[in-house]
Amino acid sequence: MAFDIDALRARPGKKVDLSSIDPKSTPEWDYKDDGEDKERAQALLPELNERLESLQELLYAQGKERLLVVIQAMDAGGKDGTVRHVFEGVNPTGVEVASFKRPTDEELAHDYLWRVHKHVPADGQIVIFNRSHYEDVLVVRVAEIVEEKRWKRRFEHIVNFEQMLADEGTTIIKIFLHISKDEQKERLQDRLDRPEKNWKFETGDLGPRSQWDDYMKAFEDVLEQTSTDDAPWYIVPANRKWYRNVAVSEIVIQTLEGLDMSFPPPEDGLDQIVIPD
Ligand code: ATP
Ligand code: MG
């Protein structure tokens, strides 16, 4: 079955209504609803992991392409779990995860792209952004950290910044993990109930939860205004973790397959070489 990642792509400039996209849905997955979908997806994941592993090796060996994967979601939206499952088995050399937390004093003393630009991928590298410069038009907007006039201008900066990266040879994929408010409640409750998950619970996460609708509106604007041909957003329904892992794997794999990659030519005369005893 071919999984058409295009079905999840946000069209440039097209309005997005997140309330019309069911976070439990499984677009492009051949959903049989026979109680075995989860098992089938979980059985498929190791195959996808292997394909990604080979593609990453090729990217690294060739040393020409750069891949940036941006992941955004509400709290407990599954950013960490996605990175863990999708990139399982990939050689950590050549893959970096950059997590963007509340900015430090030093970061705040610079423009908002300063801390981000430092982490973009080099030749042969994959970098995953766990949160990103999009926080500067999401939490910063909803929590009114800067005035409206200032964050509104940022959409244009961001589009231009990403276009510059793309023009200079970086392939960009942006993923929005779409969970429901009910699903977030369950996951936050789980962090309270399980001692080994307590460390993940932050009372501060309840603030954004209480402003859920404002965040959805902010995400809709991001998806509408910053999805471009060279830096597309993919909206991944993410209540079902098994679907999310398959969908994100497919997006990353198919994007890498679309690049013109080959192993560097071997040195001349390798077939004549005898390894000395
Ligand atoms: P988890 O989902 O596991 O809790 P996390 O990504 O939420 O991981 P945390 O350290 O809990 O990581 O939270 C990071 C916090 O930093 C988030 O609340 C996020 O909104 C905030 N943040 C990130 N960038 C900015 C920014 N530019 N301005 C203000 N807050 C920011
Ligand atoms: Mg958190």
Side-chain angles (χ1 to χ4, degrees), residues 9-10 12-13 56 59-60 62-74 77 79-80 82-83 86-87 90-177 215 218-219 221-234 248 251-252 255-256 258-259 261:
R9 221 182 226 249
Q56 186 270 334
L59 180 109
Y60 185 76
Q62 178 181 253
K64 286 190 180 153
E65 302 285 347
R66 313 160 181 173
L67 179 69
L68 174 61
V69 182
V70 172
I71 307 182
Q72 287 285 163
M74 294 296 282
K79 301 184 302 303
D80 281 331
T82 302
V83 175
V86 170
F87 290 89
V90 166
N91 184 349
T93 311
V95 180
E96 186 201 318
V97 180
S99 298
F100 295 96
K101 310 281 183 189
R102 264 169 223 99
T104 62
D105 287 346
E106 191 193 20
E107 288 166 351
L108 281 174
H110 291 82
D111 68 85
Y112 66 98
L113 291 175
W114 179 76
R115 66 170 181 165
V116 171
H117 199 173
K118 286 198 284 199
H119 288 282
V120 301
D123 288 346
Q125 248 196 341
I126 297 179
V127 174
I128 303 146
F129 280 1
N130 181 336
R131 302 187 188 267
S132 66
H133 43 298
Y134 284 98
E135 294 293 321
D136 293 284
V137 286
L138 290 164
V139 62
V140 164
R141 165 183 179 172
V142 178
E144 298 181 2
I145 296 171
V146 307
E147 61 181 282
E148 178 169 346
K149 191 169 124 225
R150 194 162 159 204
W151 62 253
K152 273 205 162 152
R153 291 194 298 244
R154 292 181 173 175
F155 290 103
E156 196 180 338
H157 304 156
I158 290 174
V159 167
N160 289 336
F161 169 65
E162 293 175 355
Q163 191 61 55
M164 181 278 289
L165 295 177
D167 290 347
E168 294 291 319
T170 303
T171 300
I172 304 173
I173 303 170
K174 301 180 295 196
I175 290 168
F176 170 56
L177 301 176
Y215 273 96
F219 269 113
D221 285 351
V222 161
L223 296 165
E224 176 187 335
Q225 295 185 41
T226 67
S227 197
T228 63
D229 288 337
D230 286 328
W233 274 104
Y234 293 90
V248 176
I251 292 165
V252 176
T255 302
L256 286 172
L259 300 177
M261 295 200 288

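One-based numbering along the sequence shown.
- Residue E65 comes nearest to Q62 through the heavy atom pair CG-NE2, 3.6 Å, listed as atom of the first residue, atom of the second, then distance.
- To the nearest 0.5 Å, the span separating CD1 on I172 from OG1 on T255 amounts to 11.5 Å.
- Side-chain contact between W233 and Y134 is present, with at least one heavy-atom pair separated by less than 4.5 Å.
- Interatomic distance, CG of D167 versus CG of N160, reported as 10.0 Å (0.5 Å rounding).
- When every heavy atom of V146 is checked against every heavy atom of W151, the shortest pair comes out as O-CD1, 3.6 Å.
- Put simply, the side chain of V127 does not reach to within 4.5 Å of the side chain of V120, judged on heavy atoms.
- The shortest side-chain heavy-atom distance between F87 and V97 does not fall under the 4.5 Å cut-off.
- Within the model, atoms CG of L165 and CG of L68 stand 7.0 Å from one another, a figure rounded to the nearest 0.5 Å.
- Put simply, the side chain of Q225 does not reach to within 4.5 Å of the side chain of V159, judged on heavy atoms.
- L223 and A10 make their closest contact through O-CB, 4.0 Å (heavy atoms, listed as atom of the first residue, atom of the second, distance).
- Put simply, the side chain of D80 reaches to within 4.5 Å of the side chain of N130, judged on heavy atoms.
- If you take CZ on F219 and CZ on R141, they are separated by 11.0 Å, rounding to the nearest 0.5 Å.
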D230 and Q163: CA distance, side-chain angles, deciding distance, side-chain contact (heavy atoms from CB on, under 4.5 Å) verdict: CA-CA 7 Å; D230 286 328; Q163 191 61 55; 2.9 Å; yes

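- Using the six-membered ring where Trp is involved, H110 and W114 have ring planes that are parallel, under 30° apart on the 30 and 60° scheme.
- With I71 as the partner, the side-chain contact (heavy atoms from CB on, under 4.5 Å) test is satisfied by one option alone out of L177, V86, V248: L177.
- When the options H133, E107, H157 are evaluated for a side chain to side chain donor-acceptor pair (under 3.5 Å) with Y112, the one that passes is H157.
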From CA spacing to verdict: side-chain contact (heavy atoms from CB on, under 4.5 Å), L67, V252: CA-CA 9 Å; L67 179 69; V252 176; 4.2 Å; yes

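- Judged by distance alone, the side chain of K174 and the main-chain N or O of S227 form no donor-acceptor pair under 3.5 Å.
- No more than 12 heavy-atom neighbours from other residues, nucleotides or ligands sit within 6.0 angstrom of CZ on R150.
- Remark: side-chain polar atoms of S132 are not paired, donor with acceptor, to backbone N or O of V70 under 3.5 angstrom.
- For the residue pair D111 and L113, the shortest heavy atom distance occurs at OD1-N, 3.0 Å.
- At least one donor-acceptor pair under 3.5 Å links the side chain of R66 to the backbone N or O of E168.
- Smallest separation of non-hydrogen atoms from P103 and R115: CA-NH1, 3.7 Å.
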Step-by-step side-chain contact (heavy atoms from CB on, under 4.5 Å) determination, Q72 to V222: CA-CA 11 Å; Q72 287 285 163; V222 161; over 6 Å; no

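- Put simply, CD1 on I145 and CD on E135 are 9.0 Å apart, with the number rounded to the nearest 0.5 Å.
- In the displayed structure, E96 atom CD is contacted under 6.0 Å by more than 12 heavy atoms of other residues, nucleotides or ligands.
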side-chain contact (heavy atoms from CB on, under 4.5 Å) assessment of R154 paired with V140: CA-CA 11 Å; R154 292 181 173 175; V140 164; 3.7 Å; yes

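- When all heavy atoms of D229 and R9 are compared, the closest pair comes out as O-NH1, 4.0 Å.
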T93 and N91: CA distance, side-chain angles, deciding distance, side-chain hydrogen bond (donor to acceptor under 3.5 Å, both in side chains) verdict: CA-CA 5 Å; T93 311; N91 184 349; 3.3 Å; yes

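- Considering CE of M261 and NZ of K64, their distance stands at 12.0 Å, rounded to 0.5 Å.
- The environment of K149 atom NZ is sparse: at most 12 non-hydrogen atoms of other residues, nucleotides or ligands sit within 6.0 angstrom.
- Within a 6.0 Å radius of CZ in F161, other residues, nucleotides and ligands contribute more than 12 heavy atoms.
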